[in-house]
Structures are given as C-alpha cells and as structure tokens.
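If you're wondering where the values come from, they're calculated on a predicted model, not measured in any experiment. Order of appearance sets the numbers: ligands from 1, and atoms from 1 within every ligand.
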Amino acid sequence: MRYLNWMSLNKGFLICLIIIAQPVKTFFERMQQCRHPFAKKLIEIMQEKQTNVCVSLDVTTKAELLRLADLVGPHVCCIKTHVDMITDFDWQLIEMLRILACKHNFLIFEDRKFCDLGVISQQQFAGGLYKIGHWADVVTVHAMAGDGIINAIRQANPECAILLIAQTSYASAFLGQDYAAKVYQLAQSHADMVAGFIAQETFVNDRSWIYFGPGVSQSAKNDSFGQSYRSVESILAAGIDVVVIGRAICQATDPLGAAIEYKNRAWQIYTNHA
Ligand code: 5BU
C-alpha cells in the first residue's frame, strides 16, 4: 500500500514536472528553429521576462521616450522607435536608451522601413543625424527594392538584424500573397541578415523566422489614417510571435497598467499556442 502510494505520488510528481517543463521545451525548440542570433536572443529575453510584447514608443520628445522606456521596459521584449519623429534628438537620447535596454533587458528596434537604393539606404542607416546602425539591434526593410539594401546594411554593420516587411496592417491590399512569397525568397537568400518578418500571419510554413505583428489593440478598430487593428487573440492565432503595440499602451491613461495587461494577455495566449 505504502509502495503504491509512493508510486502514485511519484507519478503525479512526474506529470507535474512534464507540465512545468513543457513551455521550456517549447521555447528551446523555438530557439532551435530560429536561425538568426537576433531571433535567438529575442526568444531568450521573451522567456526570461515572460513577455512577447514589443512596444512602439511613437512619441516626439526625448524626455517622453525615455520616461516611457523606463516605465514599460520591464514588461516588453523590444522597444520600437521612430527616431526621426523626435524633435529634440541628440546622441544623449541614444546613450540613455542603450542604458535602459541593459537595465530592463530589452532589444531596440528602429522601424526605419528602408526602401531606397542600397547606396542611399547605407547612408541613412550608418550616417546622417541618427546613425541608426550604431545602436539599433534590428531595423525594418521594404523588400520591394530588392537585395541592394540588405547588402548595404551588411557592409555597414553585419550585426544589425533585419525584419523584412511582408504584410502590413494598413494598405494590405497592395501586398498580396505573391509579394509575400517573394519577400520570403529574399529572406532565404539573406538568412545571415534577415531574422524575420513584419506580417499579419505566418504566411509561409516555416518557423525558422521570427514574426512581428503590428496593428494590435483590444479597444480600437482603426484610426483616421488607414491603420487597422486586430485583437491580441486574433493576431496570435494567426501564428505571430511578437505583438507590436503603440498607442494602446503609450496613449493609455495608465501606460504601465496597459503594458502589464497586454503582456499578461499576449503571454498566456502565446504560451498555450507556442
Ligand atoms: P499603433 O499606435 O499601435 O497603431 O502603432 C503601430 C506602430 O507599428 C507604428 O509605429 C507603425 O509605424 C508600425 N507599423 C504598423 O502599424 N503597421 C505596419 O504594417 C508596419 C508598421 Br510595417
């Protein structure tokens, strides 16, 4: 009897262990699937901080960007910027942002959407006022310009990862399945630089990339300039790894509360799906 009890206890313990171990195993697998070091690092941070939220800090001053980064930084895996929106930009902003990235363990994503000749994009990436290539962990690139931009970024800083825009949350009628298929081909031939995609779904049956999905809000359906929103549930059900959330956090009356709410909701859904 005692032996039986011990056996059933042990069995229960083993089942618990398997259940507890499940997400770890899944995340390990997800990390194994993704080839690019940026994607691997991101998954590590996601797992450690239990968050698959990337917050888009679309604000116009240094002070506001840094205030929000410090406030919501502990709850996100990435902070996305549009650095050319900052009216009082200077290099101190970058230094402070990098310090906050270390303090809160998030990656910096500059959503520059490069889309020009390689030679121009290289200057926009490495030079100019913002010197994006000196501080961003990842940048967005439009694939319609071919591989010139990817080659130019590789030459300037091969450590900076690229997310190719395959699908958008706006004007998506322009970029159909054919376009996404070509974006995928481009990524495959530049897998040393391309870590994943901006998309609305996993548009190819290939999990070796990380998928970021913008256009997410639980309350708004659209804005007055063409943005269209989906819920966290809907975009994660479509296979997206990281939800990109801007105004729903930054313009909330309580940005910290909103960030925590999105983090918990997205993480719970993602870990059940992952
Ligand atoms: P919002 O406030 O959650 O609407 O902000 C969305 C952010 O994501 C914003 O910075 C856009 O530039 C970015 N974005 C997007 O909304 N949709 C896309 O398809 C792409 C980027 Br690509």
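- At a 4.0 Å heavy-atom cut-off, ligand 1 touches Gln227 through the side chain alone.
- Of the candidates Ser169, Gly226, Gly215, it is Ser169 that places a heavy atom closest to atom 17 (N) of ligand 1.
- When hydrophobic residues (I, L, V, M, F, W, Y) are linked wherever their side-chain heavy atoms come within less than 4.5 Å, Tyr229 remains an isolated member.
- Clustering of Ile, Leu, Val, Met, Phe, Trp and Tyr by side-chain heavy atoms under 4.5 Å joins Val119 with Leu117, Ile120.
- Not a single heavy atom of Gln251 sits less than 4.0 Å from an atom of ligand 1.
- A salt bridge does not link Arg98 with Glu95: every distance from a Lys NZ or Arg NE/NH1/NH2 to an Asp or Glu carboxylate oxygen is 4.0 Å or more.
- If you check the side chains of Asp70 and His104, you find a donor sitting under 3.5 Å from an acceptor.
- The option from Phe109, Phe212, Tyr170 that lies nearest to atom 18 (C) of ligand 1, judged by heavy atoms, is Tyr170.
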**Report entry** Residues Gln218, Arg265; criterion side-chain contact (heavy atoms from CB on, under 4.5 Å); working and verdict
**Finding:** CA-CA 10 Å; Gln218 292 306 102; Arg265 182 184 290 266; 3.3 Å; yes
Query raised in the report: After noting the C-alpha distance and the side-chain angles of Gln200 and Ser169, does the key distance pass the side chain to side chain donor-acceptor pair (under 3.5 Å) rule?
Result: CA-CA 7 Å; Gln200 292 290 300; Ser169 59; 4.7 Å; no
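- In this structure, the separation between CD1 on Ile198 and CD1 on Ile210 is 11.0 Å, given to the nearest 0.5 Å.
- Atoms of ligand 1 found under 4.0 Å from any heavy atom of Thr168 (numbered from 1 in listed order, with element): 19 (O).
- Within the 4.0 Å heavy-atom criterion, the part of Ile198 lying near ligand 1 is the side chain and not the backbone.
- Below 3.5 Å of separation, one finds an N or O of Gly246 facing an N or O of ligand 1.
- Closest to atom 12 (O) of ligand 1 among all protein heavy atoms lies His82 NE2, 2.9 Å.
- Near Arg247, meaning under 4.0 Å from any of its heavy atoms, are these atoms of ligand 1: 1 (P), 2 (O), 3 (O), 4 (O).
- A chain of hydrophobic side-chain contacts below 4.5 Å, direct or via other Ile, Leu, Val, Met, Phe, Trp or Tyr residues, connects Ile162 to Met144.
- Applying the 6.0 Å contact sphere to NZ of Lys40 captures more than 12 heavy atoms from other residues, nucleotides or ligands.
- A salt bridge links Asp241 with Arg30: at least one charged nitrogen is closer than 4.0 Å to a carboxylate oxygen.
- The part of Asp111 lying near ligand 1 is the side chain, judged by heavy-atom distances below 4.0 Å.
- By the 4.0 Å heavy-atom criterion, Lys80 is counted among the residues contacting ligand 1.
- Looking only at heavy atoms of the protein, atom 9 (C) of ligand 1 is closest to Asp58 OD2, 3.3 Å.
- Pro214 CG, 3.6 Å is the protein heavy atom nearest to atom 20 (C) of ligand 1.
- Heavy-atom distances between Ala248 and ligand 1 stay at or above 4.0 Å for every pair.
- Looking at atom 1 (P) of ligand 1, its nearest protein heavy atom turns out to be Tyr229 OH, 3.5 Å.
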